[in-house]
Chemist: 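Sharing a structure, written as structure tokens. Questions coming.
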Amino acid sequence: FSNRLQKTERRVFWTEIEKIEAYKEHLMTYDMLCLNIGLKESIILITEETEGYDYFIKELEKQFPSIEKGWDWKIIQPPFARNHTVIFSKE
């Protein structure tokens with residue numbers, strides 16, 4: 001996948017991912033699902049507002065079949081709780 005930060009685009013290979021953390025941010029009137037994609041020397045933040053989010057999630061689940069089905073519902077409920085969870089780790 002590729003990640004764009006300002007005007008720079010970085011290509012990331014799925015095999016570079018070391019850890020994926022999912023959590024929810026409370027934004028006054030709604031909650032937003034967030035993913036920290038941990039690479040060896042950096043972290044990429046993907047949120048529900050990131051362009052291509054739905055496609056990214058579908059591909060993520062294909063690339064990492066060990067990610068538990070329904071992981072996103074466990075983050076979403078209950079409302080207003082951060083629900084920080086590691087959904088994938090190479091360790």
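Quick caveat, the model's predicted, so the values are computed rather than measured. Numbering starts at 1 and runs along the sequence shown.
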Chemist: State the SG-CD distance between Cys34 and Glu21, to the nearest 0.5 angstrom.
Modeler: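 Those atoms lie 11.5 Å apart.
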
Chemist: Roughly how far, to the nearest 0.5 Å, is CG of Asp54 from CD1 of Ile57?
Modeler: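 Nearest 0.5 Å value for the CD1-CG distance: 8.0 Å.
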
Chemist: Mind checking what makes salt bridge (Lys or Arg N to Asp or Glu O under 4.0 Å) contact with Glu25, not counting sequence neighbours?
Modeler: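 Arg82.
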
Chemist: Checking Phe80 now: which residues fulfil side-chain contact (heavy atoms from CB on, under 4.5 Å) with it, not counting sequence neighbours?
Modeler: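 So Phe80 forms a side-chain contact (heavy atoms from CB on, under 4.5 Å) with His26, Asp31.
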
Chemist: Is a side-chain N or O of Glu61 found less than 3.5 angstrom from the main chain of Lys58, in a donor-acceptor match?
Modeler: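 Side chain of Glu61 to backbone of Lys58, a donor-acceptor pair under 3.5 Å: no, none is there.
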
Chemist: Lys19 side chain to Ile87 main-chain N or O, any donor-acceptor pair under 3.5 Å?
Modeler: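 Not at all, since once roles are kept as given, no pair shorter than 3.5 Å links the two residues.
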
Chemist: For the pair Ile20 and Phe64, evaluate side-chain contact (heavy atoms from CB on, under 4.5 Å) and give the outcome as yes or no after the intermediate values.
Modeler: CA-CA 10 Å; Ile20 304 170; Phe64 298 96; 4.3 Å; yes

Chemist: I need the single residue from Leu45, Ile44, Ile46 that forms a side-chain contact (heavy atoms from CB on, under 4.5 Å) with Leu35. Which is it?
Modeler: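 Among the candidates, only Ile46 passes.
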
Chemist: Does the side chain of Leu39 reach to within under 4.5 Å of the side chain of Val12, using non-hydrogen atoms?
Modeler: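 Counting from C-beta outward, Leu39 and Val12 do come under 4.5 Å.
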
Chemist: Output all residues satisfying side-chain contact (heavy atoms from CB on, under 4.5 Å) with Glu49, sequence neighbours left out; order by chain, then residue number.
Modeler: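 With sequence neighbours excluded, Glu49 shows a side-chain contact (heavy atoms from CB on, under 4.5 Å) to Tyr30, Met32, Thr47, given in chain and number order.
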
Chemist: Just by distance, do the side chain of Glu48 and the backbone of Leu33 share a donor-acceptor pair under 3.5 Å?
Modeler: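 Checked: pair present.
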
Chemist: Does Tyr53 have any ring-ring contact (aromatic ring centres under 6.0 Å, His included) partners at least two apart in sequence or in another chain, and if so, which?
Modeler: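 Per chain and number, Tyr53 pairs via ring-ring contact (aromatic ring centres under 6.0 Å, His included) with no residue.
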
Chemist: Closest heavy-atom contact between Glu18 and Lys40?
Modeler: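 Reported closest heavy-atom pair: CG-N, 3.8 Å.
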
Chemist: Listed by chain and number, what are the side-chain contact (heavy atoms from CB on, under 4.5 Å) partners of Glu59, not counting sequence neighbours?
Modeler: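 Only Trp14, Tyr55, Lys62, Gln63 meet the side-chain contact (heavy atoms from CB on, under 4.5 Å) criterion with Glu59.
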
Chemist: Run the side-chain contact (heavy atoms from CB on, under 4.5 Å) test on Leu60 and Phe88 for me, step by step, so that the C-alpha distance in whole Å, both residues' side-chain angles and the decisive distance to 0.1 Å come before the verdict.
Modeler: CA-CA 10 Å; Leu60 178 78; Phe88 172 79; over 6 Å; no

Chemist: For Lys69, I'd like to know if atom NZ has over 12 heavy atoms of other residues, nucleotides or ligands within 6.0 Å.
Modeler: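 It does not: Lys69 NZ has 12 such atoms or fewer within range.
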
Chemist: To the closest 0.5 Å, what do you measure between OH (Tyr23) and OG1 (Thr85)?
Modeler: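 Tyr23 OH to Thr85 OG1: 12.0 Å, rounded to 0.5 Å.
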
Chemist: With Pro78, which residues qualify under side-chain contact (heavy atoms from CB on, under 4.5 Å), at least two apart?
Modeler: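 side-chain contact (heavy atoms from CB on, under 4.5 Å) list for Pro78, sorted by chain: Ala81, Asn83.
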
Chemist: Using a cut-off of 6.0 Å, state whether more than 12 heavy atoms not belonging to Glu41 lie near its atom CD.
Modeler: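 Open.
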
Chemist: Using every non-hydrogen atom in the two residues, find where Ile43 and Gly38 come nearest and quote the distance to one decimal.
Modeler: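 Minimum heavy-atom contact is CG1-CA, 4.4 Å.
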
Chemist: Going only through I, L, V, M, F, W and Y residues with side-chain contacts under 4.5 Å, is there a path from Val86 to Trp71?
Modeler: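 No.
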
